[in-house]
Amino acid sequence: MKTADSVSQTVEEYLETIYNMSMEGETVIGARLAQKFGVAPPTVTETLKRLVRDGYVEMDNKRQVRLTEAGYRIAESVLRRHRLAERFLVDLLGMEWHQVHEEACRLEHVISGKFEEHVILNLKEPTTCPHGNPIPGLVPNARTYLSDCGAVRLSTLAPGETATILLISEVVEDESALILYLHQRGLTPGTRLTVVSQGRKLNPDDSEESVVLLVDGREVSIMKSIAPKIWVTR
């Protein structure tokens with residue numbers, strides 16, 4: 001069995017994506033992975049065959065994909081490096097939280113264990129990345145973090161309910177765009193909010209319904225399709 005240091009970048013990216021989807025309770029199938037990576041379904045099928053062959057994933061008779069323990073270990077190693085890199089860029093280099101995802105994607109494949117140790121030491125054992133996602137090895141169980149925190153999707157809250165943003169989903173096609181969208185509206189992990197309305201058109205010309213939130217005494221509206229990507233605690 002290969003180690004986390006010897007697998008290809010493509011394998012790492014597939015495993016961490018499958019991990020994130022599983023963590024958020026999503027069914028993992030080839031079509032969803034093709035959408036995420038922007039590639040043709042046959043490309044995903046061939047990659048999944050290799051992942052099954054190498055013992056990183058299993059597929060049932062419905063073609064649903066699940067990580068094996070070996071797959072989990074590699075995914076958590078990659079995500080640990082990614083999220084520590086984000087903390088390094090924000091907390092030590094002073095970059096904004098919405099600017100670091102793509103940089104961390106590059107760093108996650110090359111940083112060493114020594115780098116991890118120094119970041120953890122200098123930042124006094126951070127438990128989450130700037131977007132609120134758990135750092136494997138620094139929380140009791142990153143795989144069950146959402147349920148352990150009692151988190152729900154913002155889209156499930158009823159008008160009048162109050163909650164605090166826990167994290168921003170990593171199961172999106174363009175995470176950097178999502179983070180920037182939320183940054184511009186002041187919706188960051190730790191933000192307390194109250195739902196004003198779910199699924200309302202603010203004016204007749206709107207192409208999509210909005211979710212309206214009350215944050216620090218001001219109304220903030222987001223596209224309804226964004227609400228499921230925000231995990232909150234009541």
Legend entry - Heavy-atom closest contact (A70 atom, G55 atom, distance): CB-O, 3.9 Å
Inset, instruction - Write down the atom of A158, the atom of V195, and the distance for their closest heavy-atom approach. - result: O-CB, 3.7 Å
Legend entry - Main-chain N/O of V11 paired to S8 side chain as donor or acceptor, under 3.5 Å: yes
Inset, instruction - State whether the number of non-hydrogen atoms from other residues, nucleotides or ligands found under 6.0 Å of R106 atom CZ is greater than 12. - result: yes
Inset, instruction - Specify the closest pair of heavy atoms between C129 and I135, including all atoms of both residues, with the distance to one decimal. - result: N-CG1, 4.0 Å
Legend entry - CD on E175 to NZ on K36, rounded to 0.5 Å: 6.5 Å
Inset, instruction - Hey, could you give me the CG/CD1 distance between L48 and I18, rounded to the nearest 0.5 Å? - result: 6.0 Å
Legend entry - Closest non-hydrogen atom pair between S210 and S221, with its separation: CB-CB, 4.4 Å
Inset, instruction - Quick one: sort the H183 and W97 rings into parallel, tilted or perpendicular, breaks at 30° and 60°. - result: tilted
Legend entry - Reference residue S169; test side-chain hydrogen bond (donor to acceptor under 3.5 Å, both in side chains); the match among H131, E24, E26, R153: E24
Inset, instruction - Kindly say whether the aromatic ring centers of H101 and H82 come within a distance under 6.0 Å. - result: yes
Inset, instruction - For atom CG of D216, decide whether the heavy atoms of other residues, nucleotides or ligands shown that lie under 6.0 angstrom number more than 12. - result: no
Inset, instruction - Please tell me if the side chains of I226 and L182 come closer than 4.5 Å, counting only heavy atoms from C-beta onward. - result: yes
Legend entry - From CE (M95) to CZ (F88), nearest 0.5 Å: 10.5 Å
Legend entry - Interatomic distance, Q184 atom CD to I179 atom CD1 [nearest 0.5 angstrom]: 11.5 Å
Inset, instruction - Establish whether L154 and L180 are linked, either directly or via other cluster members, by ILVMFWY side-chain heavy-atom contacts under 4.5 Å. - result: no
Inset, instruction - Assess the pair Y56 and Y14: is the distance between their ring centroids shorter than 6.0 Å? - result: no
